[in-house]
Colleague: 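Quick one: the structure is below, and I'll ask about it shortly.
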Protein chains: 2
Amino acid sequence: MRSDSRLSRMLHALIHMDRLQGAATSELLAGMLNTNPVVVRRTMAGLRDQGLVRSEKGHGGGWVLARPLDGISLLDIYRALGEPHLFAIGLSADNPDCLVEQAVNQSLGDALAEARSALLTRLGQVTLGDLARQFDAKLRACQAHLPPHLGDG
Amino acid sequence: MRSDSRLSRMLHALIHMDRLQGAATSELLAGMLNTNPVVVRRTMAGLRDQGLVRSEKGHGGGWVLARPLDGISLLDIYRALGEPHLFAIGLSADNPDCLVEQAVNQSLGDALAEARSALLTRLGQVTLGDLARQFDAKLRACQAHLPPHLGDG
DNA sequence: CATCATGTAACTTATAAAGCTTCATGAAAG
DNA sequence: CTTTCATGAAGCTTTATAAGTTACATGATG
């Protein structure tokens with residue numbers, strides 16, 4: 001697979017859920033994410049287990065946010081997904097007794113660990129509320145180009 | 001595949017090559033890296049094209065460093081490998097017209113770009129000579145635990 | 001009880017690194 | 001010149017994992 005898009009997709013889904021009245025079904029979200037409802041359920045399951053969203057069965061059921069967007073950081077989502085592998089490059093374990101391999105892995109491992117730490121810190125500082133406000137800004141910028149009678153519905 | 005170990009493996013191989021007299025065959029390196037000679041040739045090809053190593057055919061042939069270890073940074077190797085994908089997580093392209101997806105991708109993309117930039121900067125500051133000296137330190141630390149008559153062969 | 005939605009198991013698909021076989025090319029040794 | 005040894009490269013198989021799909025069980029609403 002090219003790369004793991006679960007984090008990106010869940011951020012996308014949660015912001016849409018915030019703008020909806022009522023629960024969002026897996027099928028509705030799957031349409032937004034251009035994927036399959038089962039993939040939505042499978043991915044959302046971790047978020048539910050961490051108390052970020054709730055799911056309801058039956059008529060009128062679906063997925064709802066369990067917290068305001070400002071109370072959810074991108075790091076919360078990453079962790080709820082099980083902290084998937086961040087890097088596509090990794091250390092080798094070809095010859096664990098070799099001191100050269102050990103020296104290489106230590107340096108490269110330190111560099112990767114530092115990059116990981118910096119990235120997770122940054123994900124912890126951004127909330128879904130921030131993303132939603134960026135979306136609002138984009139929407140306003142877009143509407144500014146429309147004829148006046150469409151600017152305020 | 002779990003993760004791309006080509007960078008780690010090439011660092012490992014190049015340091016061994018520096019410690020050898022004469023050329024190292026793909027078969028010898030494959031033994032050190034616990035892999036196949038063809039994988040070594042395929043991976044080393046990029047380094048040869050960038051002038052980091054040279055290859056010689058026939059009797060006594062194999063791979064030799066084209067520069068001293070202190071003249072090769074980890075970034076040089078990464079680039080010679082074709083700058084493989086760094087991250088296992090990525091942006092989504094499920095619904096490119098969706099302003100929510102665009103906002104998500106911009107924030108997440110910025111965070112990933114910043115992490116990438118920091119990591120590459122760091123890789124550019126570490127040379128293979130630095131790794132070789134870390135190996136020497138490990139070797140000395142290891143020998144310090146041996147009985148005296150083995151300490152100086 | 002019929003309908004709708006999630007929960008879950010099990011299987012298939014897609015992708016890229018890694019591994020492997022085979023043969024061509026060319027250099028050194030005899 | 002011939003043998004041997006090494007890289008070069010094409011082409012295929014293997015492996016690991018996210019993603020997609022099918023099928024059915026569970027449970028809530030009307």
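In what follows, chains are A, B, ... by sequence order, proteins preceding strands, each numbered from 1.
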Colleague: Need one value for G60(B): base, sugar-phosphate or nothing, where a base atom within 4.0 Å counts as base even if backbone is also close, heavy atoms only.
Modeller: nothing
Colleague: May I ask you to evaluate whether R9(A) reaches the phosphate of dA18(D), defined as a side-chain N or O under 4.0 Å from OP1 or OP2?
Modeller: no
Colleague: Report yes if some heavy atom in the side chain of S55(B) is under 4.5 Å from a heavy atom in the side chain of M44(B); otherwise report no.
Modeller: no
Colleague: Counting only heavy atoms not in E83(A), do more than 12 fall under 6.0 Å of its CD?
Modeller: yes
Colleague: Between dG19(C), dG27(D), dT22(D), which one does the side chain of N36(A) approach most closely?
Modeller: dT22(D)
Colleague: Give one of base, sugar-phosphate or nothing for R42(B), where a contact means two heavy atoms less than 4.0 Å apart.
Modeller: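 Base, at least one base atom sits under 4.0 Å.
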Colleague: Taking only side-chain nitrogens and oxygens of S3(B), does any of them come within less than 4.0 Å of OP1 or OP2 of dA17(C)?
Modeller: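 So the side-chain polar atoms of S3(B) never come under 4.0 Å of the phosphate oxygens OP1 or OP2 of dA17(C).
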Colleague: Counting any heavy atom closer than 4.0 Å, what does R54(A) reach on the DNA or RNA strands: base, sugar-phosphate only, or nothing?
Modeller: nothing
Colleague: Taking the side chain of H59(A) as heavy atoms from C-beta outward, which of dT3(C), dG7(C), dC5(D) is closest to it?
Modeller: dT3(C)
Colleague: What nucleic acid atoms does E56(B) come within less than 4.0 Å of, heavy atoms only: base, sugar-phosphate, or nothing?
Modeller: sugar-phosphate
Colleague: Distance check: side-chain N/O of S26(B) vs OP1/OP2 of dT7(D), anything under 4.0 Å?
Modeller: yes
Colleague: Nearest to the side chain of W63(A) - dA23(D), dG7(C), dA16(D)?
Modeller: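 Per side-chain heavy atoms of W63(A), the pick is dG7(C).
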Colleague: Nearest whole Å is fine: how far is dT6(C) P from L29(A) CG?
Modeller: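 Distance check: L29(A) CG to dT6(C) P gives 8 Å.
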Colleague: Can you figure out which of dA9(D), dA17(C), dG7(C) approaches the side chain of R41(A) most closely?
Modeller: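 Nucleotide nearest to R41(A)'s side chain: dG7(C).
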